[in-house]
Amino acid sequence: QVQLVESGGGSVQPGGSLRLSCVASRSIFSLFAVEWYRQAPGKQRELVGSIGRESTNYADSVKGRFTISRDNSKNTAYLQMNSLKPEDTAVYYCHLGATGVWGQGTQVTVSS
């Protein structure tokens, strides 16, 4: 069973940047797409974006500000978040393709 561990969350002022990491415990990571989700208090979990072998997709709310990448040699996916807004405040989760495996989540807070 593969496990995912997110890190890199924290508190930042509006306009700031953070980079989240999602590390998988096994190399099967490379076989699957990686999806990043977020869940704000009182709201449903929403898809932020995803990365397959080469292609990426983003929600309209983050397009142009967030970038997803992956390094299969490190079993790691990244979510680079720039120009952060207060509405980006949420717990961010990574999800590994068709495996159904989720990370534990990392809190991102954007506030002045």
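Numbers here are sequence positions counted from 1. Bear in mind that the values here come from a model prediction, so they are computed numbers and not experimental data. Below, all heavy atoms of this structure are taken into account, side chains as well, without hydrogens, waters or symmetry copies.
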Task: Cluster link Trp102 to Tyr78, ILVMFWY, side chain under 4.5 Å - done: no
TODO: Answer with yes or no whether the hydrophobic clustering places Ile51 together with Phe32; edges join I, L, V, M, F, W, Y residues whose side-chain heavy atoms lie under 4.5 Å apart.
DONE: yes
Tell me the closest heavy-atom pair linking [X] and [Y], and the distance in Å.
{"X": "Arg70", "Y": "Phe29", "value": "NH2-O, 2.9 Å"}
{"X": "Tyr92", "Y": "Glu6", "value": "O-OE2, 3.9 Å"}
{"X": "Val34", "Y": "Leu96", "value": "CG2-CD1, 3.9 Å"}
{"X": "Gln1", "Y": "Val101", "value": "NE2-CG2, 3.6 Å"}
{"X": "Tyr58", "Y": "Thr67", "value": "OH-CA, 3.4 Å"}
{"X": "Ile68", "Y": "Thr56", "value": "O-CG2, 3.7 Å"}

TODO: With the side chain counted from C-beta on, respond yes when Asp88 and Arg65 share a heavy-atom pair under 4.5 Å apart, and no when they do not.
DONE: yes
TODO: Evaluate the side-chain proximity of Ser7 to Thr106: yes if any heavy-atom separation is below 4.5 Å, no if none is.
DONE: no
Distance from [X] atom [atom1] to [Y] atom [atom2], nearest 0.5 Å?
{"X": "Leu31", "Y": "Arg53", "atom1": "CG", "atom2": "CZ", "value": "7.5 Å"}
{"X": "Glu46", "Y": "Trp36", "atom1": "CD", "atom2": "CH2", "value": "14.5 Å"}
{"X": "Ser111", "Y": "Leu84", "atom1": "OG", "atom2": "CG", "value": "12.0 Å"}
{"X": "Tyr37", "Y": "Leu79", "atom1": "OH", "atom2": "CG", "value": "13.5 Å"}

Task: Residue that, paired with Tyr93, satisfies side chain to side chain contact (heavy atoms under 4.5 Å, CB included) out of Arg38, Glu35, Gln39 - done: Gln39
Under 3.5 Å, which donor-acceptor pairs link side chains of residues 10-25 to any protein atom two or more places apart or in another chain?
unit_1: Ser17; atom_1: OG; unit_2: Asn82; atom_2: OD1; d: 2.9
unit_1: Ser25; atom_1: OG; unit_2: Gln3; atom_2: N; d: 2.8

Open item on the list: For Asp60, is there an ion pair with Lys63 - N to carboxylate O distance below 4.0 angstrom?
Closed with: yes
- [ ] Report, as yes or no, whether the 6.0 Å neighbourhood of atom CD on Glu87 holds more than 12 heavy atoms from other residues, nucleotides or ligands.
- [x] yes
Task: Stepwise side chain to side chain contact (heavy atoms under 4.5 Å, CB included) check, Asn75 with Ser27 - done: CA-CA 6 Å; Asn75 295 338; Ser27 61; 4.1 Å; yes
